[in-house]
Participant: 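Sending over a structure as C-alpha cells; questions will come in a sec.
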Amino acid sequence: MLQIQNLYKEFDGIKAVDGLSFTVEDNSIVALVGPNGSGKTTVFNIISGFLKANKGRIIFDGNDIISLNPFKIARLGIGRTFQNIRLFPQISVLDNVLLGLKYETGHRFSSALFQTKRMKKEEADNIKKAEELLKFVGLAEKRDALAENLSHGQRKLLELARILALEPKIFLLDEPIAGLFPETKRTMFSLIKKLKASGKTISFIEHDLHSVMDIADKIIVLDHGKKIAEGTPEEIKQNKEVLKAYIGKDTL
Ligand SMILES: Nc1ncnc2c1ncn2[C@@H]1O[C@H](COP(=O)(O)OP(=O)(O)O)[C@@H](O)[C@H]1O
Ligand SMILES: [Mg+2]
C-alpha cells in the first residue's frame, strides 16, 4: 500500500531522516516509534507532501507521490492528523467535521443564494454523515460545543472524525494517544482497531514503545532518522538494538 524508499531529509545540516525505508502493508497497523527528534513527524510531513525530501521515493498504490502537493496526496486517499492538533477552535464540533466533508465534495464556496435542491440534499446528507462520524468517535453529545471548549482527549477524537470524513484509504496519525488519560487511550486504540477491521490501513506515531505493543502489527523503531529495528511486537521485544537503546530509559 505505502512504500517509503531510501528517504533523506536534512535541516541546516541536521539529518532528520537518514536513509529510511519501510513498508506499510495493506490493511495493517504500523507504529513508528522513537524518541523526540528522531524524525517521525518529518517522515509523515514528507509522505503527506508538507515537506520535500532531499532524496527518496514514496510509493502509494503503485505511484510515486513524492512530488505531489498535500491537496493531491489527500485526494489520493492519504489522511493525516497533526501532533499539534489542527482544528477550527471557534466553530462547532459538527462544523469542524462538515468542513472535512465539504472539502471533499468541493462545495466549500457555494453561497446559500445559489443553492439548488440537489445541494440542499447534499448538505442534509453531509450533516447526517458528520453526526454518524461524531457518534463513531463518541462525541455525538458534543455536536454543538465549540471545538475550543473540548478537552485534549476530545480534540484528538474530533481530529480523527475530521479525517474520517475524507474517507482516506490510509490514516497517518501523529501521536494519537499522546497526553491522553488511560480510558481515552483505550477508546482511541479501539477506534483504530475498528478502522482496520473495516479494511483501512493505519500508520501512527508514538514515542512510548510499550504503548504500541498490543495494537501494532509491525513496529518501526527510529533513532536519529535511521531505522534501528523493524518487526512484530514479539520480535521488537527481543531485538538487541532496541534493548540497548532502552537501558536506563522508561520510554524510548
Ligand atoms: N521544519 C523544520 N525545520 C528545521 N528543523 C526541523 C523541522 N522539522 C523538524 N526539524 C528537526 O528535525 C529533527 C526531527 O524532528 P521531528 O521529525 O519533529 O521528530 P519527532 O517527530 O520524532 O519528534 C529534529 O531535530 C527537529 O528539530
Ligand atoms: Mg513528532
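Note that ligands are numbered from 1 as they come in the structure, with each ligand's atoms numbered from 1 the same way. Index from 1, following the sequence.
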Participant: Looking at ligand 1, does G225 have a heavy atom less than 4.0 Å from it?
Facilitator: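 Under 4.0 Å: no for G225.
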
Participant: Does the protein come close to atom 15 (O) of ligand 1 - that is, does one of its heavy atoms sit below 4.0 Å from that atom?
Facilitator: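 Protein heavy atom within 4.0 Å of atom 15 (O) of ligand 1: present.
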
Participant: Which of the atoms of ligand 1 are close to T42, meaning less than 4.0 Å from one of its heavy atoms?
Facilitator: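 Numbered from 1, ligand 1 contributes 9 (C), 14 (C), 15 (O), 16 (P), 17 (O).
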
Participant: With a cutoff of 4.0 Å, is G34 in contact with ligand 1, counting heavy atoms of the residue only?
Facilitator: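 G34: no contact with ligand 1 (<4.0 Å).
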
Participant: Scan the side chains in residues 154-165 for donor-acceptor partners under 3.5 Å anywhere in the protein, sequence neighbours excluded, and list what turns up.
Facilitator:
{"residue": "Q154", "atom": "OE1", "partner": "S151", "partner atom": "N", "Å": "2.9"}
{"residue": "Q154", "atom": "OE1", "partner": "S151", "partner atom": "OG", "Å": "3.3"}
{"residue": "R155", "atom": "NE", "partner": "L150", "partner atom": "O", "Å": "3.1"}
{"residue": "R155", "atom": "NH2", "partner": "E148", "partner atom": "O", "Å": "2.8"}
{"residue": "R155", "atom": "NH2", "partner": "L150", "partner atom": "O", "Å": "3.2"}
{"residue": "K156", "atom": "NZ", "partner": "E175", "partner atom": "O", "Å": "2.8"}
{"residue": "E159", "atom": "OE1", "partner": "F82", "partner atom": "N", "Å": "3.4"}
{"residue": "E159", "atom": "OE2", "partner": "R86", "partner atom": "N", "Å": "3.2"}
{"residue": "R162", "atom": "NH1", "partner": "N96", "partner atom": "O", "Å": "3.3"}

Participant: Answer with yes or no whether the hydrophobic clustering places L68 together with I4; edges join I, L, V, M, F, W, Y residues whose side-chain heavy atoms lie under 4.5 Å apart.
Facilitator: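 In one cluster with L68: I4, yes.
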
Participant: Does a salt bridge link K169 with D26, judged by any charged N lying under 4.0 Å from a carboxylate O?
Facilitator: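 A salt bridge is absent here (no side-chain N lies under 4.0 Å from a carboxylate O).
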
Participant: Would you call D223 and P35 a side-chain contact if the rule is heavy atoms closer than 4.5 Å?
Facilitator: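 Side chain of D223 against side chain of P35, heavy atoms only: contact under 4.5 Å found.
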
Participant: Can you confirm whether the side chains of D174 and T41 place a donor and an acceptor under 3.5 Å from each other?
Facilitator: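 On atom types as modelled, these side chains qualify, holding a pair under 3.5 Å.
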
Participant: Heavy-atom contacts with N36 under 4.0 Å: which atoms of ligand 1 show up? List them by number with element.
Facilitator: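 Contacts of ligand 1 toward N36, numbered from 1: 23 (O).
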
Participant: Quick one: do D125 and K121 satisfy salt bridge (charged side-chain N to carboxylate O under 4.0 Å, His left out)? Show the steps, please.
Facilitator: CA-CA 6 Å; D125 288 349; K121 160 98 172 62; 2.8 Å; yes

Participant: Would you call E241 and K244 a salt bridge, using N to O less than 4.0 angstrom?
Facilitator: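 So E241 pairs with K244 through a salt bridge.
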
Participant: Considering both backbone and side-chain atoms of G39, is one of its nitrogen or oxygen atoms within less than 3.5 Å of a nitrogen or oxygen in ligand 1?
Facilitator: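 Yes, since at least one N or O of G39 sits under 3.5 Å from an N or O of ligand 1.
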
Participant: Quick check on K52: does its NZ atom have over 12 non-hydrogen neighbours (other residues, nucleotides or ligands) under 6.0 Å away?
Facilitator: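 More than 12 heavy atoms, drawn from other residues, nucleotides or ligands, come within 6.0 Å of this atom.
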
Participant: How far is atom 5 (N) of ligand 1 from its nearest protein heavy atom, and which residue and atom name does that atom have?
Facilitator: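 Checking every protein heavy atom, the shortest distance to atom 5 (N) of ligand 1 gives F11 CG, 3.2 Å.
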
Participant: Could you check whether atom CZ of F181 has more than 12 heavy atoms from other residues, nucleotides or ligands sitting under 6.0 Å from it?
Facilitator: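 Result for CZ/F181: open.
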
Participant: Taking the side chain as everything from C-beta on, heavy atoms only, tell me whether I78 gets closer than 4.5 Å to F60.
Facilitator: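 In short, these two side chains touch, coming nearer than 4.5 Å.
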
Participant: To the nearest 0.1 Å, how far is atom 23 (O) of ligand 1 from its closest protein heavy atom, and which atom is that?
Facilitator: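 Looking at atom 23 (O) of ligand 1, the protein heavy atom closest to it is G37 N, 2.7 Å.
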
Participant: Under 4.0 Å from atom 9 (C) of ligand 1, is there any protein heavy atom?
Facilitator: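 Given the 4.0 Å limit, the answer for atom 9 (C) of ligand 1 is yes, a protein heavy atom qualifies.
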
Participant: Sequence neighbours left out, what pairs pass side-chain hydrogen bond (donor to acceptor under 3.5 Å, both in side chains) with at least one residue falling in residues 11-25?
Facilitator: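 Listed once each, the pairs are D18-K226, E25-K218.
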
Participant: Would you mind running through ligand 1 and noting each atom that sits below 4.0 Å from a heavy atom of P35?
Facilitator: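 Counting from 1, the qualifying ligand atoms are 22 (O).
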
Participant: With a cut-off of 2.8 Å, how many protein N, O or S atoms neighbour the Mg ion (ligand 2)?
Facilitator: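 The number of such protein atoms is 2.
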
Participant: So, is Q83 polar-close to ligand 1, with some N/O to N/O distance under 3.5 Å?
Facilitator: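 Min N/O separation from ligand 1 is not below 3.5 Å for Q83.
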
Participant: Can you pull out every side-chain hydrogen bond (donor to acceptor under 3.5 Å, both in side chains) where at least one residue sits in residues 134-145? Sequence neighbours excluded, please.
Facilitator: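 Matches after skipping sequence neighbours: E131-R143.
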
Participant: Can you pull out the closest protein heavy atom to atom 22 (O) of ligand 1? Residue, atom name and distance to 0.1 Å, please.
Facilitator: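 Checked against all protein heavy atoms, atom 22 (O) of ligand 1 sits closest to K40 NZ, 2.8 Å.
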
Participant: Could you find the nearest protein heavy atom to atom 25 (O) of ligand 1 and give me its residue, atom name and distance?
Facilitator: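 Checked against all protein heavy atoms, atom 25 (O) of ligand 1 sits closest to I14 CG2, 4.1 Å.
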
Participant: Determine the minimum heavy-atom distance between S211 and F189, stating which atoms define it.
Facilitator: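 Closest approach of S211 to F189, heavy atoms only: O-CE1, 3.3 Å.
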
Participant: Closest non-hydrogen protein atom to atom 18 (O) of ligand 1, residue and atom name please, with distance?
Facilitator: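 The closest one turns out to be T41 CB, 3.7 Å.
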
